[in-house]
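In this chain, residues are counted from 1 in sequence order. The structure displayed is predicted, hence computed values, not measured ones. These numbers come from the heavy atoms of this one structure, side chains and all, not from hydrogens, waters or symmetry mates.
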Amino acid sequence: MREIVFDTETTGLSFSGGDRLVEIGCVELVNRVMTGRTFHAYVNPQRPMPIEAFNVHGLSEVFLSDKPLFHDVVEDMLEFIGDSPMIAHNANFDFGFVNGELIKCGRPIVDLSRMVDTLAIARVKHPGAKHTLDALCSRYGIDLTQRTLHGALIDASLLAQVYVELTGGRQITLGLAVDAPVMRETPAEAPMRVHVRPARQFTASAAELERHAAFLSKMEEPLWGAAAAS
């Protein structure tokens, strides 16, 4: 099964209030394994960058000034995501900006039936705990050392690892059987056979039984003899 984990960075919190998408990063999963295929783009929002947003992602108005507009990257983005389910953390926010930009450039929106929200999953699985991406990475032992600021592609990669853990862990498709080899897909989609060895039967030989009987005959007043007499 193919899925797309994605994240966005924006100029603020409200597309309807004039904020715009400035970065999108997408990571491909096939059968819960990252394939190495990604989509990433910076987008010129054609508006100033509020200091609050800059402090989150570090993308300045100057840096974004020579980047393409959303309508320049939309075809590549749509080709990459295809019709796969799309996974995001607090997905309504990210879908709101992606669909807002699609409407703005006259394209059909991404159907919300494709939306998978890891925040909602985390709230059910870990009630009462912190559910930020950082907190979930810490919970599952996912390395955050390369992340100093928020970035769409690195956050999507981290979220892909969190999503795998939230939905059953790295062995989600692994089943065990006694009589048949198990097939598990690798990132290169090459099957690896895992053979489960049947339980061995151990039976004492006639010589071993004879030696055991001789050993027992030398024991004086064994406990099991007293129990039998009573």
Side-chain angles (χ1 to χ4, degrees), residues 3-29 34 36-78 80-81 86-105 107 109-110 115-123 130-140 142-164 166:
E3 298 168 293
I4 300 299
V5 184
F6 79 106
D7 184 60
T8 62
E9 300 298 339
T10 69
T11 64
L13 302 177
S14 172
F15 187 88
S16 61
D19 288 309
R20 293 292 177 263
L21 183 148
V22 297
E23 185 185 11
I24 183 168
C26 303
V27 173
E28 181 186 64
L29 294 181
M34 285 191 283
R37 292 190 66 224
T38 64
F39 172 82
H40 178 245
Y42 293 111
V43 175
N44 183 348
Q46 296 184 298
R47 56 148 293 167
M49 179 65 69
I51 187 62
E52 295 83 3
F54 174 78
N55 289 338
V56 171
H57 50 59
L59 302 177
S60 68
E61 188 177 344
V62 173
F63 173 80
L64 295 168
S65 62
D66 63 349
K67 300 302 182 285
L69 304 180
F70 184 82
H71 68 70
D72 296 320
V73 303
V74 66
E75 292 295 338
D76 290 339
M77 184 196 77
L78 292 175
F80 184 84
I81 66 175
M86 295 186 66
I87 300 145
H89 201 62
N90 191 16
N92 282 314
F93 176 86
D94 297 284
F95 268 77
F97 273 87
V98 169
N99 280 338
E101 296 287 0
L102 287 170
I103 292 170
K104 189 169 180 287
C105 63
R107 303 301 302 267
I109 65 171
V110 178
M115 181 175 73
V116 179
D117 188 359
T118 52
L119 178 59
I121 297 172
R123 284 172 171 165
K130 291 183 178 179
H131 303 118
T132 64
L133 180 57
D134 284 7
L136 290 168
C137 285
S138 297
R139 172 182 286 273
Y140 291 119
I142 296 167
D143 185 11
L144 283 166
T145 56
Q146 295 183 350
R147 180 177 180 257
T148 55
L149 292 170
H150 287 264
L153 188 57
I154 190 170
D155 281 5
S157 298
L158 292 170
L159 182 59
Q161 298 173 70
V162 166
Y163 173 65
V164 169
L166 282 172

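- A heavy-atom distance below 4.5 Å is found between the side chains of Val116 and Ile121.
- Residue Leu159 comes nearest to His89 through the heavy atom pair CD2-N, 3.4 Å, listed as atom of the first residue, atom of the second, then distance.
- Heavy atoms only, all atoms of each residue included: Thr11 and Pro45 are closest at CG2-CB, 3.9 Å.
- Two residues are said to be in side-chain contact when any heavy atoms from C-beta on lie closer than 4.5 Å; Glu101 and Phe15 meet this criterion.
- The aromatic rings of Tyr42 and His40 sit perpendicular, their planes meeting at an angle over 60°, well past the 30° parallel limit.
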query: After noting the C-alpha distance and the side-chain angles of Asp94 and Met86, does the key distance pass the side-chain contact (heavy atoms from CB on, under 4.5 Å) rule?
result: CA-CA 10 Å; Asp94 297 284; Met86 295 186 66; over 6 Å; no

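- Put simply, CD1 on Ile154 and CG on Leu133 are 10.0 Å apart, with the number rounded to the nearest 0.5 Å.
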Full working for side-chain contact (heavy atoms from CB on, under 4.5 Å) between Gln161 and Met34: CA-CA 8 Å; Gln161 298 173 70; Met34 285 191 283; 3.8 Å; yes

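- Arg47 has a carboxylate O that lies under 4.0 Å from a charged side-chain N of Asp19, or vice versa, which qualifies the two as a salt bridge.
- Here the side chain of Thr10 pairs no donor or acceptor atom with the backbone of Arg20 at under 3.5 angstrom.
- Taking the side chain as every heavy atom from C-beta outward, Leu102 and Leu78 approach each other to under 4.5 Å.
- Remark: side-chain polar atoms of Asn44 are not paired, donor with acceptor, to backbone N or O of Leu69 under 3.5 angstrom.
- Between Phe6 and Ile81, the closest side-chain pair of non-hydrogen atoms is not below 4.5 Å.
- Minimum interatomic distance between Gly25 and Ala152 (heavy atoms only, all atoms of both residues): N-CB, 3.4 Å.
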query: Would Thr145 and Asp143 satisfy side chain to side chain donor-acceptor pair (under 3.5 Å), going step by step from the backbone distance to the final call?
result: CA-CA 6 Å; Thr145 56; Asp143 185 11; 2.8 Å; yes

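- Rounding to the nearest 0.5 Å gives a distance of 8.5 Å between CZ of Phe97 and OG of Ser16.
- A heavy-atom distance below 4.5 Å is found between the side chains of Asn92 and Met115.
- Partners of His150 under the side-chain hydrogen bond (donor to acceptor under 3.5 Å, both in side chains) rule, at least two apart in sequence or in another chain, are Arg147, Asp155.
- Shown here for Ala91 and Asp117, the closest heavy-atom pair between the two residues is N-OD1, 3.2 Å.
- Atom CD in Glu9 sits 11.0 Å away from atom CG in Leu153 (nearest 0.5 Å).
- Put simply, the side chain of Phe95 does not reach to within 4.5 Å of the side chain of Ile109, judged on heavy atoms.
- With sequence neighbours excluded, the residues satisfying side-chain hydrogen bond (donor to acceptor under 3.5 Å, both in side chains) with Arg107 are Glu75.
- Atom-to-atom distance recorded for Ile4:CD1 and Leu29:CG is 7.5 Å, nearest 0.5 angstrom.
- Listed here is the closest heavy atom pair of Val162 and Cys137: CG2-SG, 3.9 Å.
- Side chains of Phe39 and Glu28 form no contact here, defined as non-hydrogen atoms less than 4.5 Å apart.
- Contact detail for Phe80 and Cys26: the closest heavy-atom pair is CE2-CB, 3.6 Å.
- Counting heavy atoms from C-beta on, the side chains of Met49 and Ser60 never come closer than 4.5 Å.
- For Asn55, there are no side-chain hydrogen bond (donor to acceptor under 3.5 Å, both in side chains) partners at least two apart in sequence or on another chain.
- Distance NZ/Lys67 to CD/Glu23: 10.5 Å, rounded to 0.5 Å.
- With values rounded to the nearest 0.5 angstrom, Asp72 atom CG is found 9.5 Å from Cys105 atom SG.
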